Amino acid sequence: MLTPSASLSRAEIQRSAESRGKNRISPIERREDLPKAKRIVVKVGSSSLTSIAHSLDELAVATIADVLAKTHGRGVEVVFVSSGAIAAGLAPLGLTKRPKDLATQQAAAAVGQSLIMTRYTEIFSRYDVTISQVLVTAEDLMHRSRYHNVHRQLERLLDLNVLPIVNENDAVATHEIKFGDNDRIAALVAHTIKADALLLLSDVDALYTKHPAEGGERISTVTDPERDLEGVEIGTIGRAGVGSGGMVTKVEAAKIASSSGIPALVTSAANAAAALDGADVGTWFQPTGGRRSIRLVWLSQLAKTKGAVTVDAGAERAVRRRTSLLAAGITGVEGIFRPGEPIAIKDPQGRTFAHGLAAYSSQDIERIAGLASAAAEEELGDGFDGVVVHVDNLAVLRRR
């Protein structure tokens, strides 16, 4: 990859990055095509990098770094999402298990993050690979201005032939620290940089129909998550004690990526090299949708709804055709929510079929439910246009 001239202006660099990634569509349709990928995101879980007894697993860290450095050396743009900050900080703090309270988790992360980056710097330098640390939270990838800052930073690092190492900012993160958000962050980062593929690596080699010890069979390919994973009990079958995600969040992350046109492979860190060579390993999530805005990805996959509105059949059809939700089609309101908060939109049978950002509070929507726009404006006053959820803030969920 050519390094941009230092004489380029900031505006020229930004335009170059944006034009290069704006409409980028992944050429990868099958796992056999992975060697053709030009830009990938690789996420490795805590259980594959650390242990309670020894903090950092030096061999594991060196092994994954070796694979990624060689991939980078072939001209592939690699973004590495690394877990393990909390687990790496346990031994130095004299802790024998992952703490449950947030303050101690944050303390462990603050200690462990520096240890992990020190080792990565030492190992990647042997391959003459320059790395960088990028700390984000899920909110950074959902707030518009912060999202663009992350996007510009990652694009510029890739322009400069740097291998970014991304981690959730556990030292300041709040409740999401408990839910293995590095998997979801990896999916959002893949979406942010228009990656060709997402690799989710842990100590489990694939998704199974049930526990392998009980005769479960490997699920090789997922083309329709709702159909192909129906009845599958998804849980953690690998090593426990140092991680926080498990297979559930990896499947969620793979679905986020695939629904946005990015194929995802879930397998073990031991299979990393084979996976990047296109071998038949792990569980492959086929792309099921096209590129979407990060706001719609968040609304459909990650947003925690604060309430719900039920609509009539006509409004359901209109919303499914990607038009704004009007007050006239609303038949009921559930919960208490404020303007701008995410809500579920339910069909006449009470089934959620869309998510959106409410333009008005639950109390105001209750007052105008079922009213035509003119009557609603009279009820609430000038400035109300009858739009309860604008089409730009509305994500229709996949049909089951």
Side-chain angles (χ1 to χ4, degrees), residues 22-23 138-139 141-148 184 188 191-192 224-227 252 255-256 258-261 288-400:
K22 184 176 181 180
N23 296 313
E139 284 79 1
L141 297 170
M142 296 171 193
H143 189 280
R144 183 174 179 82
S145 62
R146 287 151 66 184
Y147 161 77
H148 284 299
R184 288 180 279 258
L188 293 175
H191 185 281
T192 299
D224 183 333
E226 298 294 343
R227 181 193 65 202
E252 289 179 359
K255 289 165 64 176
I256 292 170
S258 62
S259 68
S260 301
T288 59
R291 302 289 184 180
R292 296 183 293 172
S293 72
I294 198 73
R295 178 185 292 269
L296 294 185
V297 172
W298 172 68
L299 273 174
S300 63
Q301 301 284 351
L302 297 173
K304 298 176 181 178
T305 56
K306 304 297 184 180
V309 295
T310 302
V311 302
D312 59 29
E316 179 189 357
R317 287 192 297 271
V319 169
R320 288 191 182 278
R321 290 196 299 266
R322 303 300 196 276
T323 61
S324 299
L325 174 62
L326 303 181
I330 296 177
T331 60
V333 181
E334 300 175 20
I336 298 175
F337 50 87
R338 296 173 296 180
E341 290 190 323
I343 60 172
I345 303 173
K346 298 183 177 181
D347 65 18
Q349 289 73 44
R351 297 171 298 202
T352 298
F353 71 95
H355 290 165
L357 298 181
Y360 293 87
S361 69
S362 52
Q363 293 91 334
D364 285 341
I365 296 174
E366 285 180 335
R367 292 170 57 191
I368 60 174
L371 298 182
S373 295
E377 183 175 1
E378 184 177 342
E379 176 68 27
L380 291 182
D382 293 339
F384 181 76
D385 58 4
V387 176
V388 173
V389 178
H390 192 275
V391 65
D392 291 342
N393 296 323
L394 192 153
V396 177
L397 309 183
R398 287 175 52 84
R399 289 181 181 270
R400 184 168 181 80

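Hydrogens, waters and symmetry mates play no part in the numbers below; they use all other heavy atoms, side chains included. All values reported here derive from a predicted model rather than from experimental measurement.
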With sequence neighbours left out, the residues meeting side chain to side chain contact (heavy atoms under 4.5 Å, CB included) with Asn393 are Arg295, Leu357, His390

Salt bridge (Lys or Arg N to Asp or Glu O under 4.0 Å) with Lys346: which residues, sequence neighbours excluded?
Glu334

Residues forming a side-chain hydrogen bond (donor to acceptor under 3.5 Å, both in side chains) with Glu366, sequence neighbours excluded
none

Glu379: partners by side-chain hydrogen bond (donor to acceptor under 3.5 Å, both in side chains), with sequence neighbours left out
Arg367

dist Ile336:CD1 -> Gln363:CD (nearest 0.5 Å) comes out at 6.0 Å

Do you know the tightest heavy-atom contact between Thr288 and Pro225?
CG2-CD, 4.4 Å

By side-chain hydrogen bond (donor to acceptor under 3.5 Å, both in side chains), which residues pair with Arg338, not counting sequence neighbours?
Glu341

Can you list everything that forms a ring-ring contact (aromatic ring centres under 6.0 Å, His included) with Phe337? Sequence neighbours excluded, please.
none

Holding to salt bridge (Lys or Arg N to Asp or Glu O under 4.0 Å), I want the full list of residues that pass it with Arg317, two or more places apart in sequence or in another chain.
none

Output a table of donor-acceptor pairs, distance under 3.5 Å, between side-chain atoms of residues 323-330 and any protein atom two or more places apart or on a different chain; print 'none' if there are none.
from: Thr323; atom 1: OG1; to: Ala318; atom 2: O; distance (Å): 2.6
from: Ser324; atom 1: OG; to: Val391; atom 2: N; distance (Å): 2.9

What one should report as the nearest heavy-atom pair of Ile256 and Ser260 is O-OG, 3.1 Å

If you measure from CZ on Arg320 to CG on Leu397, what distance do you get to the nearest 0.5 Å?
8.5 Å

Run Val389 and Val309 through side-chain contact (heavy atoms from CB on, under 4.5 Å) and show every step you take.
CA-CA 10 Å; Val389 178; Val309 295; 5.8 Å; no

Between Ser361 and Pro339 the two heavy atoms that sit nearest each other are N-CG, 3.7 Å

Grab the two heavy atoms, one from Val319 and one from Ala354, that are nearest each other, plus how far apart they are.
CG1-CB, 4.2 Å

Counting distance only, does the side-chain N/O of Thr310 pair as donor-acceptor with the main-chain N or O of Thr331 below 3.5 Å?
no

Does anything in residues 355-375 pair up under ring-ring contact (aromatic ring centres under 6.0 Å, His included), and if so which pairs, sequence neighbours excluded?
Tyr360-Phe384

side-chain hydrogen bond (donor to acceptor under 3.5 Å, both in side chains) partners for Arg227, two or more places apart
Thr223

What pairs of residues pass the salt bridge (charged side-chain N to carboxylate O under 4.0 Å, His left out) test when at least one of them lies in residues 306-315, not counting sequence neighbours?
none

Please report the C-alpha distance between Leu394 and Ile345 in whole Å, then the side-chain angles of each, then the deciding distance to 0.1 Å, and finally whether the side-chain contact (heavy atoms from CB on, under 4.5 Å) criterion is met.
CA-CA 9 Å; Leu394 192 153; Ile345 303 173; 4.2 Å; yes

